[in-house]
Engineer: 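I have a structure I would like to understand better, so I am pasting it below and will then ask my questions one at a time.
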Protein chains: 2
Amino acid sequence: MAFMHYTRDNMASLLRSHDINPTHQRIEIAYALFSRQEHLSADQVMAIVNTRHSETSKATVYNTLKLFLEKGLVREVIVDPSKVFYDPNTRPHHHLYEVDSGRLSDIDAAHVRISGLPALPEGMVTEGIDLIVRVRRAQ
Amino acid sequence: MAFMHYTRDNMASLLRSHDINPTHQRIEIAYALFSRQEHLSADQVMAIVNTRHSETSKATVYNTLKLFLEKGLVREVIVDPSKVFYDPNTRPHHHLYEVDSGRLSDIDAAHVRISGLPALPEGMVTEGIDLIVRVRRAQ
DNA sequence: CCTCGATCTGGACTTTGTCTAATTCCCGGA
DNA sequence: TCCGGGAATTAGACAAAGTCCAGATCGAGG
Ligand SMILES: [Mn+2]
Ligand SMILES: [Mn+2]
Ligand SMILES: [Zn+2]
Ligand SMILES: [Zn+2]
């Protein structure tokens, strides 16, 4: 389910389509992520959602992001040792990480080919392959 | 500089060869990492170094690991959102991460080929490419 | 043995994330 | 419209990883 425009109304549909009961807080959090299409930390989500006046507690932000993750609505990006980023883009893709600024951007997986990986240990199954290109300003 | 056997004596040489003044604490921390050839968190390093009797403070463990990192003696592996792992293997390699157990093992980069990555943004230079294969027990 | 810069240390502090018990919300039925 | 009750939210205490600092200690070289 992808939208031209992200509205709070179609956030409700999006949540329902992922088997998530749409509440005010969940709609606001989903809207923060999907309308921006950016990688956001829990803190950033909380700041965005509570700009006008405080509406959503820290516990709810964390609980909701975890729920979204379990339901496959967002994915986690682990690239900064101090915080997790949440990613509204769940299509197969990789990441470019600018170490100095902390900026994180997507690399479409369509053209990237990874070959020569060894066979997995017996009884193990791949959950995902994360490729992170760490870059910094030259010199 | 690679050794057949890891002794505290050749840890001192190793440190000097990386422009690090070898002290008791630094030798113990290097020995913990290199004699095991495992990926260890700061907590694990501290526990190993302080088994017999408390010898090294938390501040020194963190400072020393950061120093080793800056001097290129070890590398960081960011794979678990709650802690950083330090890796005595600085040759090009990737990682296999067992999500359930937290076990982390090396994948030699020699046979792995990654192609089709887009050009870097202007004025940026690659610091490294991290490839993490996340696996879990089937079913 | 001294000296003195380098190193180490305890402990306070910060940040990220978790947990819990109490409250609030809200949907469906009467 | 009015409940009842399960689902969701909340404040705030708590935990764990990591940082920081001022004072104590170390040890190489003279
Ligand atoms: Mn966060
Ligand atoms: Mn650690
Ligand atoms: Zn992404
Ligand atoms: Zn490794």
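Chain identifiers are assigned alphabetically (A, B, ...) following the order of the sequence lines, protein sequences preceding nucleic acid strands; residue numbering begins at 1 within each chain.
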Engineer: Are A:Lys83 and A:Asp43 within salt-bridge range, i.e. N to O under 4.0 Å?
Structural biologist: no
Engineer: To the nearest Å, how far apart are B:Glu28 CD and D:dC26 P?
Structural biologist: 16 Å
Engineer: For nucleotides 5-14 of chain C, read 5' to 3', which letter fits each nucleotide if B means a protein heavy atom sits under 4.0 Å from the base, S means only the sugar-phosphate is that close, and - means neither?
Structural biologist: --SSBB-B--
Engineer: Find the distance B:Leu65:CG to D:dC20:P and express it as a whole number of Å.
Structural biologist: 16 Å
Engineer: Quick test of your reading of the model: are B:Arg137 and B:Asp100 salt-bridged, counting only N-O distances below 4.0 Å?
Structural biologist: no
Engineer: For the pair made of CG in B:Asp80 and P in D:dA16, what is the distance, rounded to whole Å?
Structural biologist: 14 Å
Engineer: Is the closest side-chain donor-acceptor distance between B:Asp106 and B:His39 under 3.5 Å?
Structural biologist: yes
Engineer: Pick the nucleotide of DNA chain D nearest each of B:Lys66 and B:Pro22; which residue has the one closer to the 5' end?
Structural biologist: B:Lys66
Engineer: Expressed as a whole number of angstroms, how long is the span from A:Ile20:CD1 to D:dA7:C1'?
Structural biologist: 15 Å
Engineer: A:Gln37 and A:Tyr6: side-chain donor and acceptor closer than 3.5 Å?
Structural biologist: yes
Engineer: Check the distance between D:dA16's P and B:Lys83's NZ and give it to me in whole angstrom.
Structural biologist: 10 Å
Engineer: Where the side chain of A:Asn10 meets the backbone of A:Thr7, is there a donor-acceptor pair that is under 3.5 Å apart?
Structural biologist: yes
Engineer: Among C:dG17, C:dT16, D:dG18, which is the nearest nucleotide to the side chain of A:Ala42?
Structural biologist: C:dG17
Engineer: Rounded to whole angstrom units, what separation is found between the CG atom of A:Asp19 and the P atom of D:dA8?
Structural biologist: 11 Å
Engineer: Once you round it to whole Å, what is the distance between C1' of C:dT18 and CG of A:Leu67?
Structural biologist: 16 Å
Engineer: Only counting residues at least two apart or in another chain, list the ones meeting side chain to side chain donor-acceptor pair (under 3.5 Å) with A:Arg8.
Structural biologist: A:Glu28
Engineer: For the pair made of CE in A:Met46 and P in D:dT9, what is the distance, rounded to whole Å?
Structural biologist: 14 Å
